[in-house]
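Side chains are part of it too, since the values below use all heavy atoms of this structure and drop only hydrogens, waters and symmetry mates. Each chain gets a letter, A, B and so on, in the order its sequence line appears, and its residues count up from 1.
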Amino acid sequence: MILTNFEQTVLTLVRRIPAGRVSTYALVARALGRPEAARAVGNALHRNPQLVTTPCHRVVRSDGQIGGYRQGSSRKRALLEQEGVTVNRHQSVANFEQALYRFS
DNA sequence: GGGTTGACTGTTC
DNA sequence: CGAACAGCCAACC
């Protein structure tokens with residue numbers, strides 16, 4: 001399966017996220033050079049459930065929401081908490097600050 | 001080639 | 001402070 005340049009970049013960046021750290025769709029989008037393409041980023045992850053090669057569960061929404069997950073959001077939350085990351089309803093990026101992973 | 005869809009976001013009510 | 005609205009982008013039909 002061939003991936004578009006966009007998807008390749010997304011997966012590459014997400015793969016860079018170390019365990020215990022969390023990033024957001026917007027952050028990844030910004031790293032791509034498309035700050036407004038957060039939706040497309042989520043889309044790319046949605047269609048590429050490379051669970052082993054890509055820790056897609058470490059990417060959450062900017063507003064603190066858990067975000068979506070191909071295998072259920074509950075599963076995603078479980079994985080995150082397992083890595084020591086608590087995700088609440090409206091936690092805002094500020095609260096993530098210590099856990100956020102910034103690219104470049 | 002045009003319209004729809006979705007793992008989103010920032011702004012407005 | 002919480003809910004609704006309207007943009008934005010790439011893949012799919």
Side-chain angles (χ1 to χ4, degrees):
Chain A
M1 168 164 183
I2 63 169
L3 300 174
T4 65
N5 190 306
F6 180 80
E7 290 172 329
Q8 283 184 44
T9 313
V10 172
L11 295 180
T12 301
L13 289 173
V14 173
R15 234 175 283 136
R16 281 197 217 164
I17 305 175
R21 293 293 181 85
V22 178
S23 186
T24 68
Y25 297 98
L27 224 47
V28 176
R30 199 169 59 176
L32 290 171
R34 289 285 182 290
E36 313 277 315
R39 200 161 202 170
V41 171
N43 235 333
L45 291 177
H46 185 203
R47 288 192 298 276
N48 294 283
Q50 310 265 359
L51 288 159
V52 185
T53 58
T54 309
C56 14
H57 64 277
R58 301 204 188 117
V59 182
V60 299
R61 295 177 47 142
S62 299
D63 56 8
Q65 281 282 68
I66 182 68
Y69 197 59
R70 198 69 173 78
Q71 306 188 342
S73 55
S74 57
R75 169 78 180 172
K76 181 174 182 177
R77 188 178 14 167
L79 287 169
L80 286 174
E81 290 185 4
Q82 182 179 322
E83 294 186 357
V85 180
T86 57
V87 183
N88 288 330
R89 302 179 299 198
H90 45 65
Q91 194 160 333
S92 83
V93 183
N95 278 348
F96 279 124
E97 210 167 312
Q98 53 178 348
L100 268 180
Y101 178 74
R102 299 174 183 283
F103 299 105
S104 63

Distance, rounded to the nearest Å, where A:L32 contributes CG and C:dC8 contributes C1': 14 Å
Tell me if the CZ atom of A:R75 is crowded by more than 12 foreign heavy atoms within 6.0 Å. no
How would nucleotides 8-13 of chain B be written as a contact map, 5' to 3', with B for base contact, S for sugar-phosphate-only contact and - for no contact, using protein heavy atoms under 4.0 Å? BB----
For the backbone of A:A44 and the side chain of A:E7, can you confirm whether one donor and one acceptor N or O come within less than 3.5 Å of each other? no
With sequence neighbours excluded, residues passing side chain to side chain donor-acceptor pair (under 3.5 Å) with A:E83: A:H57, A:R58
Contacts of A:T53 meeting side chain to side chain donor-acceptor pair (under 3.5 Å) (sequence neighbours excluded), chain-then-number -> A:Q50
Taking side chain to side chain donor-acceptor pair (under 3.5 Å) as the definition, give me every residue that meets it alongside A:Y69, ordered by chain and number, with sequence neighbours left out. none
Scan side-chain atoms only and decide if A:R47 and A:N43 contain a donor-acceptor pair under the 3.5 Å cut-off. yes
Tell me the interatomic distance from A:L79, atom CG, to B:dA7, atom C1', rounded to whole angstroms. 14 Å
Measure all distances between protein nitrogen or oxygen atoms and nitrogen or oxygen atoms of nucleotides 11-13 of chain C, and list the pairs falling under 3.5 Å.
unit_1: C:dA11; atom_1: OP1; unit_2: A:T4; atom_2: OG1; d: 2.2
unit_1: C:dA11; atom_1: O4'; unit_2: A:R47; atom_2: NH2; d: 2.7
unit_1: C:dA11; atom_1: O3'; unit_2: A:R47; atom_2: NE; d: 3.1

Keeping A:K76 on the side-chain end and A:V59 on the backbone end, is there a donor-acceptor pair under 3.5 Å? yes
Under the side chain to side chain donor-acceptor pair (under 3.5 Å) test, which residues partner A:T54, sequence neighbours left out? none
